[in-house]
Chemist: 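The structure is given below, and queries will be raised subsequently.
Labels below follow one simple rule: chain letters A, B, ... track the order of the sequence lines, proteins then strands, and each chain is numbered from 1.
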Amino acid sequence: MERIREAFESALAARVPGHGVALERPKSGDLGDLAFPCFRVAKALGKSPVQLAAELASQITLEGADLLAAGPYLNLKLHPETRAKEVLGGLLASKPYGSGASNGQKIIVEYSSPNIAKLFTIGHLRSTMIGHSLVQVHRYLGFDVVRLNHLGDWGTQFGTLIAAYKRWAEAVNPELNRDFEWADPAPENRRTPLFRLFQLYVRFHAEEEKDPAMRDEARDWFRRLEKGDAEARRLWTWFREISLKEFLRIYDRLGVGFDTFVEGEAFYEDKLADTVKALEAKHLLQEGERGARIVDLEDVGISTPCMVVKADGGSVYATRDLATGIYRRDHYQYDKCIYVIGAEQILHMQQVFAVLKKLDPGWFTEGKVIHAPFGLISLPDGKMSTRKGNVIFLEDVLDEAVTRVLAIIEEKNPDLPRKAEVAEMLGIGAVIFFNALNDRVKPFTFTWDRVIALDGDTGPYVQYAHARICSVLRKAGAEWMAKAAPGLHDSKETATVPYAPWEVPTELKGLEAPEAQALLFELAGLPSAIRVAREQLMATAIARQLLVIARSFSSFYTNCPILIADNPPEVREARLALCVATARALRQGLFLLGIQAPEEM
RNA sequence: GCGCUCGUAGCUCAGCUGGAUAGAGCAUCAGGCUUCGAACCUGAGGGUCGGGAGUUCGAAUCUCUCCGGGCGCACCA
């Protein structure tokens with residue numbers, strides 16, 4: 001397809017020298033494979049776009065394609081056989097479809113970043129999976145990616161945790177290995193020390209409302225932690241361990257990996273003083289209200305100053321993020337650093353980026369550090385609050401999705417082997433796909449039926465198309481199935497599904513039907529969807545394109561029989577090749593989102 | 001009050017840097033399994049793109065303004 005595009009571009013450039021010839025993808029494959037909108041050039045030449053399109057259509061000829069003037073557009077439409085050959089050639093070649101060669105650029109992605117001693121909520125899924133898909137897309141396009149989890153493992157909440165633990169757990173349940181008498185029993189799927197730690201946290205906040213003196217108790221423990229008190233330190237380390245253990249289990253379930261968990265908030269504690277010194281050296285710090293030290297940002301259009309040192313001399317969130325920015329500059333020498341953090345922190349990120357830029361304008365240039373915000377998830381009755389305990393836990397959502405899928409399997413395909421494993425892929429796939437499908441920055445209200453929808457525009461719909469293809473290929477013979485079966489790969493460590501290269505069959509008769517041509521056209525759209533995903537810093541375009549491909553396949557499947565006896569061998573082979581190519585595109589596309597594609601379901 | 005963000009079909013949402021007749025899914029209605037998986041397919045109805053003004057050959061898209069939601073606005077993270 002790239003060859004065709006270049007030939008078309010140079011033919012156009014020869015006819016209208018000196019003008020840019022930006023090509024577009026037509027809305028539908030009926031119109032053609034590539035479109036040249038004539039508006040701009042026509043204006044420059046003083047012609048009507050309709051006239052120019054007609055002229056160009058009669059002047060240019062390209063082998064294997066028709067050039068059609070459609071009003072002000074000049075469309076290049078490949079002949080059915082050429083279209084098949086171009087698209088399938090791209091999909092079955094040795095270079096993964098739409099991927100890029102290694103480009104030597106290093107991208108840092110910070111995402112997920114949960115707070116220690118809290119459970120994953122549905123909100124964490126957003127940061128985690130948006131980040132994961134950004135990682136996958138960048139890797140796929142040839143970037144070198146570093147995955148950072150900026151754990152919330154420091155701050156006054158640890159004072160709270162330690163105080164709560166001392167009050168209600170140490171004497172009666174020091175290992176946190178059984179339920180508390182005063183609390184509701186832990187649900188079956190969360191009978192873990194982490195959950196009990198979370199219960200302590202919630203209880204402390206509830207009682208603190210009535211007894212404000214408890215706040216001093218928490219503050220005191222945090223002070224001891226900061227000073228390196230052995231007891232506080234021991235508990236902190238332990239809390240961090242039991243949290244991380246649970247986090248890793250969930251990341252495994254989601255197929256998400258990180259390069260380090262070390263560089264969380266605590267990691268930067270001993271780097272804060274130097275950060276303040278660096279700001280002093282640049283004379284950026286001013287005296288603010290009540291003696292706090294701030295960086296004024298009026299000159300860059302931010303009316304709220306960035307507070308770096310509190311009146312009592314303590315550090316704040318921004319101090320840590322500044323230290324983080326400096327450390328990453330020195331340690332990673334990256335080309336771009338993407339922060340996947342909630343939209344409610346837009347101002348905060350702007351402030352941090354602005355201060356970093358003042359600190360080192362040579363390094364922190366435009367676009368060097370990027371905030372990829374995502375919208376808040378709320379409940380029908382309001383905002384989620386971990387402290388108040390009215391939250392939707394991620395694992396509950398995943399478990400419920402898997403349960404619903406299992407019920408459908410029992411109904412539709414009770415003899416399916418490895419039901420539990422498949423249900424896990426489909427249920428989690430549904431939740432992840434829903435997240436990917438929707439715009440990153442738009443907030444939404446959680447309802448079970450929305451997030452765990454299983455038909456229509458959903459992950460399982462795409463997975464179903466893939467499973468049906470595999471079913472056809474199995475029936476066609478082991479050698480066909482093998483072409484859609486990837487080699488072994490670690491879902492956490494690669495973005496590319498390894499398929500064996502395969503020469504396109506030379507005869508591609510049998511793909512002239514409009515449904516087959518439409519499917520080819522949509523398959524051709526996947527690479528640009530991947531590029532758009534990178535530009536927009538969200539996988540939505542990929543998810544949408546996968547739906548369109550799956551839908552086109554379903555239509556092709558119902559209208560163009562593949563294995564029936566009266567198909568001539570070359571028709572059968574061409575249609576099977578299209579099936580193989582579609583299966584590969586679907587599985588690879590889903591993989592970029594972090595979703596697996598079962599071969600049966 | 002200031003800033004950011006969103007407002008598209010009954011509901012949930014696409015619509016990429018302005019460009020072809022504004023598209024999907026859900027829901028509703030009407031069809032389709034003796035043939036490769038009906039978790040599917042085919043079709044129908046349903047839209048003042050929040051209101052107004054402007055820029056342009058052309059605006060859902062850009063600008064301004066108003067209305068309405070969400071978020072944020074220094075000693076929490």
Chemist: Base, sugar-phosphate alone, or nothing: which one does A:Pro460 contact when heavy atoms must sit under 4.0 Å apart?
Modeler: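 Result for A:Pro460 = nothing.
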Chemist: Indicate, with a heavy-atom threshold strictly under 4.0 Å, whether A:Ile346 touches base, sugar-phosphate, or nothing.
Modeler: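 Sugar-phosphate, no base atom in range.
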Chemist: Has A:Thr540 got a side-chain N or O lying under 4.0 Å from the OP1 or OP2 atom of B:A14?
Modeler: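 False: A:Thr540 side-chain N/O out of range (4.0 Å or more) of B:A14 OP1/OP2.
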Chemist: So, are A:Arg418 and A:Glu424 salt-bridged, with charged N and O less than 4.0 Å apart?
Modeler: no
Chemist: How would you label the contact of A:Leu437 with the nucleic acid (heavy atoms, under 4.0 Å): base, sugar-phosphate, or nothing?
Modeler: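 No contact.
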Chemist: Within less than 4.0 Å of OP1 or OP2 of B:A77, is there a side-chain N or O belonging to A:Tyr317?
Modeler: no
Chemist: Look at A:Glu55 together with A:Lys47 and state whether they make a salt bridge at an N to O cut-off of under 4.0 Å.
Modeler: yes
Chemist: Identify the nucleotide, in any strand shown, that forms a Watson-Crick or G-U wobble pair with B:A39, with both distances under 3.5 Å; if there is none, say none.
Modeler: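 Answer to the pairing question: none, since B:A39 forms no Watson-Crick or G-U pair.
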Chemist: Can you tell me which nucleotide in B:A77, B:C13, B:G37 comes closest to the side chain of A:Asn438?
Modeler: B:C13
Chemist: Which nucleotide, in any strand shown, forms a Watson-Crick or G-U wobble pair with B:G23, with both distances under 3.5 Å?
Modeler: B:C13
Chemist: Give none if B:C4 has no partner; otherwise give the nucleotide forming a Watson-Crick or G-U wobble pair with it, both distances under 3.5 Å.
Modeler: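 Across any shown strand, B:C4 pairs with B:G70.
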Chemist: Answer with base, sugar-phosphate or nothing: what part of the nucleic acid does A:Ala35 contact at a heavy-atom distance below 4.0 Å?
Modeler: base
Chemist: Return the nucleotide paired to B:C33: Watson-Crick means purine N1 to pyrimidine N3 with N6-O4 or O6-N4, wobble means G-U with N1-O2 and O6-N3, both under 3.5 Å.
Modeler: none
Chemist: Side chain of A:Ile564 only, please: which of B:C75, B:U35, B:A14 is the nearest?
Modeler: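 Among B:C75, B:U35, B:A14, the one nearest the side chain of A:Ile564 is B:U35.
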Chemist: Are any of A:Lys475's side-chain N or O atoms less than 4.0 Å away from OP1 or OP2 of B:C36?
Modeler: no
Chemist: Counting the atoms with a prime plus P, OP1 and OP2 as sugar-phosphate, which does A:Asp439 contact under 4.0 Å by heavy atoms, base, sugar-phosphate, or nothing?
Modeler: sugar-phosphate
Chemist: Give A:Pro26 one of three labels, base, sugar-phosphate or nothing, depending on what nucleic acid heavy atoms sit under 4.0 Å from its own.
Modeler: base
Chemist: Between B:G37, B:A77, B:G15, which nucleotide has the shortest distance from any of its atoms to the side chain of A:Gln345?
Modeler: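 Of the candidates, B:A77 comes closest.
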Chemist: In terms of the nearest nucleotide of RNA chain B, which residue is placed more toward the 5' end: A:Tyr461 or A:Phe556?
Modeler: A:Phe556
Chemist: Of the listed nucleotides (B:C40, B:C36, B:C13), which one gets closest to any side-chain atom of A:Arg468?
Modeler: B:C40
Chemist: Can you check whether A:Ser471 has a side-chain N or O nearer than 4.0 Å to OP1 or OP2 of B:G37?
Modeler: yes
Chemist: Below 4.5 Å, heavy atoms only, C-beta onward: do A:Lys77 and A:Leu31 meet side chain to side chain?
Modeler: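 When only atoms from C-beta onward are counted, A:Leu31 and A:Lys77 do not touch, as no gap falls below 4.5 Å.
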Chemist: Is the closest basic N to carboxylate O distance between A:Glu400 and A:Arg404 below 4.0 Å?
Modeler: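 Salt bridge flag = yes for A:Arg404 with A:Glu400.
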Chemist: Could you check whether any side-chain N or O of A:Thr128 sits under 3.5 Å from a backbone N or O of A:Ser112, counting only pairs where one atom can act as donor and the other as acceptor?
Modeler: no
Chemist: So, is A:Arg544 close to the B:G25 phosphate, meaning a side-chain N or O under 4.0 Å from OP1 or OP2?
Modeler: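 So the side-chain polar atoms of A:Arg544 never come under 4.0 Å of the phosphate oxygens OP1 or OP2 of B:G25.
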Chemist: In whole Å, measure the gap between the C1' atoms of B:G25 and B:U65 for me.
Modeler: 35 Å
Chemist: Please give the nucleotide sitting opposite B:G58 as a Watson-Crick or G-U wobble pair, both distances under 3.5 Å, or none.
Modeler: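 Across all strands, not a single nucleotide pairs with B:G58.
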Chemist: Of the listed nucleotides (B:A20, B:A74, B:U5), which one gets closest to any side-chain atom of A:Val441?
Modeler: B:U5
Chemist: From C-beta outward on A:Thr304, which listed nucleotide comes closest to its side chain: B:C4, B:C73, B:C41?
Modeler: B:C73
Chemist: If you look at every strand shown and take non-hydrogen atoms under 4.0 Å, does A:Asn75 touch a base, only sugar-phosphate, or nothing?
Modeler: base
Chemist: May I ask you to say what A:Arg290 touches in the nucleic acid, namely base, sugar-phosphate or nothing, with a heavy-atom cut-off under 4.0 Å?
Modeler: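 Answer is base: heavy atoms of A:Arg290 come under 4.0 Å of a base.
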Chemist: Check every atom of B:C40, B:A74, B:C16 against the side chain of A:Ser554 and return the nucleotide holding the closest atom.
Modeler: B:C40
Chemist: Can you tell which of B:G72, B:C75, B:G37 lies closest to the side chain of A:Glu344?
Modeler: B:G72
Chemist: Indicate yes or no: does A:Asp457 engage A:Arg551 in a salt bridge with an N to O separation below 4.0 Å.
Modeler: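 Yes, charged N to carboxylate O under 4.0 Å.
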Chemist: Checking all strands, does A:Glu265 fall into the base, sugar-phosphate, or nothing category for heavy-atom contacts under 4.0 angstrom?
Modeler: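 Counting heavy atoms under 4.0 Å across all strands, the contact made by A:Glu265 is with sugar-phosphate only.
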Chemist: Base, sugar-phosphate or nothing for A:Ile409? Non-hydrogen atoms, less than 4.0 Å.
Modeler: base
Chemist: Judged by each residue's nearest nucleotide on RNA chain B, which is more toward the 5′ side, A:Arg25 or A:Arg320?
Modeler: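 The residue whose closest nucleotide sits nearer the 5' end is A:Arg25.
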Chemist: Answer yes or no for A:Lys271 and A:Phe267: cation-pi contact, defined as NZ/CZ to six-membered ring centre under 6.0 Å and angle to ring axis within 45°.
Modeler: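 Ring-cation test returns yes.
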Chemist: Picking from B:C75, B:C13, B:G37, which would you name as closest to the side chain of A:Asn413?
Modeler: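 From the listed options, B:G37 comes nearest.
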Chemist: OP1 or OP2 of B:U12 sitting under 4.0 Å from any side-chain N/O of A:Lys442?
Modeler: no
Chemist: Which nucleotide in the set B:C76, B:C4, B:A74 lies at the smallest distance from any side-chain heavy atom of A:Lys310?
Modeler: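 Side chain of A:Lys310 sits closest to B:C76.
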